[in-house]
Amino acid sequence: MAVKEFPAGTQLIQSEQNLTALHVIAKGSVRASYPGGTFYLKKGDVIGVCEVFFGSHFITYETEEPTGIASYPCTALQLSALMQKSIDLANMIVASLFRQFREIYDQYELMRFDCENIYHFLMDHYEEYKSFCVKHGITPRALPDMDDLSPLILEEDMESWIDGYYEQLTAIVTEKSSKFHNNAFLAGVVLKADQDIHRIISICRVFYDYKADIAHLLMNENHLDLFDLYAGLLYKIGANDKDSTTLIATISTMMIQLEDLPSIDREMYQQRAAEYRTKLETLGDGAEEDAAAAADDVADIENSMNTILTYAEVSAETAVSFREAVNKFAQMTDKNASDDTARKLRLSITKLFYQIYEKSFIKSMKDPAFVPKVLKMFFNFGYVDENLAGRENAAYLYKIVDKIPSEPKRKVYTAYEWFTAIYKGEKEPSRNEFDSDYPAFLREQKMSGNITAADEARMQNDPLEKVLFEIRNMFQTVNKITFGRVLSFCPVFSEHNVLKELDGTLVSADKVANAFQQIRAIDFSAYYRDVIYTNPDIGIGKETVGVEVLPDIVLMPNVGTRGIAWQEIEGRKRTTPARMMVSVFQMEDLTNILVRLTGDFRWEMCKRVQGARWNDISEASLTSEYFDYIQFYRKNRELSADAKDKIKLSMQKAKNSYKEMFIRDYEAWVLYEGTGSPRLNKVSRNIIFTYCPFSKEIRTKLMANPLYKETMTRYDIKLAQKIHHFDNVFQKLKNTGTPIPPELQRQREYLEM
């Protein structure tokens with residue numbers, strides 16, 4: 001067999017590529033990689049021997065140095081015949097198989113140890129961080145997602161006897177005097193081992209994802225990580241404190257851990273490490289002056305809680321209870337504690353907070369021109385106490401409260417602006433958590449006997465009742481969700497929740513507009529809805545045109561990490577804006593959050609349009625095709641064994657939610673595939689491209705990529721047919737001297753996007 005030469009750095013085979021041959025390395029070396037693992041093949045090794053059973057590759061191979069390869073056409077059905085042709089080749093195939101099995105199994109055991117090690121490293125040092133904070137009288141900050149973290153538990157694992165079994169099998173089969181040199185037997189050994197190797201690599205992928213989740217908690221681009229907690233604590237206590245040496249040592253150990261994690265973005269890591277070293281050199285400079293300046297700034301808001309309670313005119317009992325509860329909360333060393341006492345205290349504060357919020361808002365509507373700044377801070381940030389908030393934070397909130405960069409004209413509202421819009425009749429109340437709108441809620445109340453028919457009629461147009469419905473339903477639920485840590489939620493602004501500088505996390509109308517612009521530059525049709533246009537006077541019977549309606553964004557008064565797409569339309573009219581909520585101080589990347597909410601919107605809007613047939617594959621739609629794809633992925637011949645394995649793992653992470661699976665794929669579509677970095681399998685990619693096509697500019701760039709070419713060609717044919725139809729309509733109108741309606745002209749331009 002002829003040997004073909006390849007230079008160093010050549011990708012020989014990509015994961016998920018069809019397997020049509022086995023390749024023997026005649027000289028040089030090859031790097032074999034899969035999620036979380038890498039091993040090297042040398043002269044005499046056989047590329048593809050671990051995967052021949054499946055007919056597709058789940059390992060990627062790249063030359064490490066100039067390499068010579070001899071290829072032998074082979075499939076699972078042809079393997080026995082190939083081995084029969086040459087006993088030397090048969091021995092080479094089996095020997096290489098066992099060597100690769102040993103490499104992969106050793107990495108499997110090492111990754112298992114690494115997962116346990118990195119989990120305990122994170123948990124132990126997180127507890128140590130909280131202990132240091134308590135020791136220095138500092139409120140510890142909470143890491144998002146820590147509540148969801150648990151030790152690794154595998155649903156399926158390798159049998160304990162596998163290692164010993166293959167060790168003995170290797171000795172038996174490779175023994176020169178062995179009686180088992182039968183080509184059918186050897187082919188069976190290879191094909192059975194392939195299945196075990198695939199199982200091992202599948203488990204390694206679970207290990208890899210688990211380590212990646214923990215790596216994200218150790219360090220991430222949003223600075224919501226253990227590294228930032230330790231660095232921030234070190235900056236607070238100063239380099240001369242006796243505990244600073246221990247903190248610096250822990251940070252150094254953490255950096256060593258991070259350097260060995262393949263899932264960490266190297267550029268981000270280098271930048272964070274450089275920032276830390278620079279800050280360490282200037283530790284303590286100007287800190288006392290800044291603190292003093294902040295203390296002066298908050299002089300006008302001393303005793304904020306008294307101001308709020310007096311303004312709200314709540315009962316003396318409510319005022320005393322709230323003051324006592326907030327003071328107890330402020331004195332807690334661990335405000336995120338999960339014990340029963342802490343949980344009940346947070347619930348008590350939450351209940352009283354919303355009572356005070358309601359009364360304060362009602363009073364503010366009676367005299368909106370004379371709302372104290374402290375009350376505006378309360379309405380828009382959940383602020384109640386300068387000490388609980390931290391005096392520097394309180395000073396900042398005081399400074400910005402009259403110039404929060406929201407803008408209702410651009411569909412970005414603070415909580416107070418949103419409730420005011422409902423009170424004034426500019427907006428209708430949102431649906432409640434049971435998906436009932438305000439009129440439906442009143443009907444339910446009347447049917448339940450809670451209100452009379454007269455009450456229902458009165459409340460239908462009562463602005464105060466509408467606002468109370470919004471506060472008691474949407475607001476109380478969404479405020480907790482957007483905060484991000486439901487179990488430790490407390491609505492009052494507290495310094496321990498501030499994980500980053502507030503000025504950099506404040507959500508503005510400009511930030512929202514820029515984020516949506518980035519999304520629409522990739523998924524241009526994301527917020528277009530189809531409506532019917534008719535104009536019989538000029539001969540237009542029925543044309544479908546797209547209308548773009550961007551969502552309303554409401555800024556919840558908390559320091560949070562999540563967003564939520566609360567409803568896709570108002571009432572029943574499909575051309576009304578969706579409602580999405582994010583925290584006014586958003587700790588996570590705003591664009592990433594809005595990408596996720598856009599995926600959520602696309603799914604829910606499709607369900608709204610399709611109605612009861614949203615998952616009926618006989619009526620093609622985004623939801624029906626995606627539902628069918630996930631439901632029957634195991635039988636899908638277009639999916640490789642590796643792709644099916646990834647879907648299975650993704651479904652476990654998505655808690656078997658089809659919608660959550662789609663949202664995750666949509667995020668990958670916008671954030672990665674839209675920039676030319678493939679992440680999806682063929683089937684998922686085709687479905688999403690069909691219903692969420694890229695903009696013309698991106699389609700042009702990706703047309704040369706074989707992954708997209710077939711789907712794009714089909715899309716272009718359908719698009720050309722639609723454009724041709726409108727060109728014919730326009731020509732008929734021109735022939736009669738009739739001006740082209742702007743609705744049709746906009747649709748023609750939309751089709752060219």
Side-chain angles (χ1 to χ4, degrees), residues 9 11 14-17 33 35 60 62 208-209 212-213 215-216 219-223 261-272 510-528 548 550 563 586 588-603 622 626 642-643 646-647 650 653 660-716 719 752-753:
Q11 188 178 87
Q14 172 67 46
S15 174
E16 296 196 31
Q17 188 175 322
S33 60
T60 297
E62 183 177 312
Y208 176 82
D209 290 344
D213 289 342
H216 186 79
M219 179 180 283
N220 58 65
E221 65 278 2
N222 293 318
H223 289 239
L261 291 170
S263 60
I264 284 288
D265 184 316
R266 308 318 300 172
E267 185 177 344
M268 181 269 294
Y269 168 76
Q270 296 294 344
Q271 182 180 345
R272 292 287 302 278
D510 285 342
K511 287 182 179 179
V512 170
N514 290 337
F516 278 128
Q517 186 175 352
Q518 291 179 50
I519 296 167
R520 290 152 65 215
I522 297 171
D523 180 9
F524 70 94
S525 63
Y527 290 100
Y528 275 84
E548 186 175 41
L550 293 179
Q586 190 57 253
E588 296 278 5
D589 183 83
L590 179 64
T591 300
N592 290 351
I593 287 174
L594 293 181
V595 167
R596 179 176 178 81
L597 299 189
T598 302
D600 190 320
F601 166 78
R602 270 200 169 278
W603 182 270
L622 171 64
Y626 195 87
D642 193 45
K646 290 178 180 177
I647 294 172
S650 296
K653 287 187 174 182
E660 179 63 24
M661 273 289 290
F662 168 75
I663 292 174
R664 287 168 180 252
D665 278 357
Y666 182 82
E667 288 178 293
W669 179 250
V670 173
L671 298 175
Y672 297 103
E673 299 254 348
T675 59
S677 178
R679 288 290 192 279
L680 305 178
N681 63 56
K682 179 182 179 181
V683 178
S684 178
R685 180 181 295 115
N686 288 345
I687 293 172
I688 297 181
F689 186 91
T690 300
Y691 297 99
C692 313
F694 290 136
S695 62
K696 187 174 183 178
E697 181 182 356
I698 295 175
R699 295 199 306 270
T700 303
K701 290 179 181 177
L702 295 178
M703 180 58 84
N705 190 324
L707 291 175
Y708 302 94
K709 190 171 183 179
E710 182 182 343
T711 307
M712 286 189 182
T713 301
R714 288 200 303 268
Y715 176 82
D716 287 343
L719 183 63
E752 290 283 8
M753 292 174 72

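Numbering of residues begins at 1 and proceeds along the displayed sequence.
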Inter-residue atom distance [X].[atom1] - [Y].[atom2], 0.5 Å rounding:
X: Leu622; Y: Ile688; atom1: CG; atom2: CD1; result: 7.5 Å
X: Ile264; Y: Asn220; atom1: CD1; atom2: CG; result: 8.0 Å
X: Leu597; Y: Tyr666; atom1: CG; atom2: OH; result: 10.5 Å
X: Met661; Y: Trp603; atom1: CE; atom2: CH2; result: 10.0 Å
X: Phe524; Y: Glu548; atom1: CZ; atom2: CD; result: 10.5 Å

Taking the cut-offs as 6.0 angstrom to the six-membered ring centre and 45 degrees off its axis, would you call Arg266 and Tyr269 a cation-pi pair?
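Yes - Arg266 lies over the ring of Tyr269, closer than 6.0 Å to its centre and within 45° of its axis.
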Is there a side-chain contact between [X] and [Y] (heavy atoms, below 4.5 Å)?
X: Leu680; Y: Glu673; result: yes
X: Met219; Y: Met268; result: yes
X: Arg685; Y: Leu707; result: yes
X: Thr675; Y: Leu671; result: no
X: Leu594; Y: Phe516; result: yes
X: Thr711; Y: Tyr708; result: no
X: Leu719; Y: Lys696; result: no

List the steps, then state whether side chain to side chain contact (heavy atoms under 4.5 Å, CB included) holds for Met712 with Leu702.
CA-CA 9 Å; Met712 286 189 182; Leu702 295 178; 3.4 Å; yes
Give me the one residue out of Gln517, Lys511, Gln518 that meets side chain to side chain contact (heavy atoms under 4.5 Å, CB included) with Thr591.
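Result: among Gln517, Lys511, Gln518, Gln518 is the only option passing the side chain to side chain contact (heavy atoms under 4.5 Å, CB included) with Thr591.
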Can we call the ring centroids of Tyr691 and Tyr626 under 6.0 Å apart?
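For Tyr691 and Tyr626, the ring centres are not under 6.0 Å apart.
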Worked verdict on Arg714 versus Glu710 for side chain to side chain contact (heavy atoms under 4.5 Å, CB included)
CA-CA 7 Å; Arg714 288 200 303 268; Glu710 182 182 343; 3.2 Å; yes
Whether the side chain of [X] engages the backbone of [Y] through a donor-acceptor N/O pair (distance < 3.5 Å, no angle test) should be reported.
X: Trp669; Y: Cys692; result: yes
X: Glu588; Y: Asn222; result: no
X: Arg520; Y: Ser695; result: no

So which heavy atom on [X] is nearest to which on [Y], and how close?
X: Ser15; Y: Asp642; answer: OG-OD2, 3.2 Å
X: Leu261; Y: Ala215; answer: CD1-CB, 3.6 Å
X: Val512; Y: Leu590; answer: N-CD2, 4.0 Å
X: Pro262; Y: Tyr208; answer: CG-CE1, 3.9 Å

For Glu752, look at atom CD and say whether over 12 heavy atoms of other residues, nucleotides or ligands are found less than 6.0 Å away.
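It does: Glu752 CD has more than 12 such atoms within range.
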Is atom CD of Gln11 surrounded by more than 12 heavy atoms (other residues, nucleotides or ligands) closer than 6.0 Å?
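It does: Gln11 CD has more than 12 such atoms within range.
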Under-4.0 Å salt bridge between Arg596 and Glu667:
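Looking at Arg596 and Glu667, the cut-off is met.
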Any chance you could lay out the side chain to side chain contact (heavy atoms under 4.5 Å, CB included) test for Arg272 and His223, step after step, and finish with the verdict?
CA-CA 9 Å; Arg272 292 287 302 278; His223 289 239; 3.3 Å; yes
Looking only at the side chains, is there a donor atom on one of Ser525 and Arg602 sitting less than 3.5 Å from an acceptor on the other?
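Yes, side-chain donor-acceptor contact under 3.5 Å.
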Regarding Asp523 and Thr598, is there a side-chain donor-to-acceptor distance under 3.5 Å anywhere?
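No, no side-chain donor-acceptor pair sits under 3.5 Å.
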Please determine whether side chain to side chain contact (heavy atoms under 4.5 Å, CB included) holds for the pair Arg699 and Tyr715, giving the CA-CA distance in whole Å, both sets of side-chain angles, and the decisive distance to 0.1 Å.
CA-CA 10 Å; Arg699 295 199 306 270; Tyr715 176 82; 3.6 Å; yes
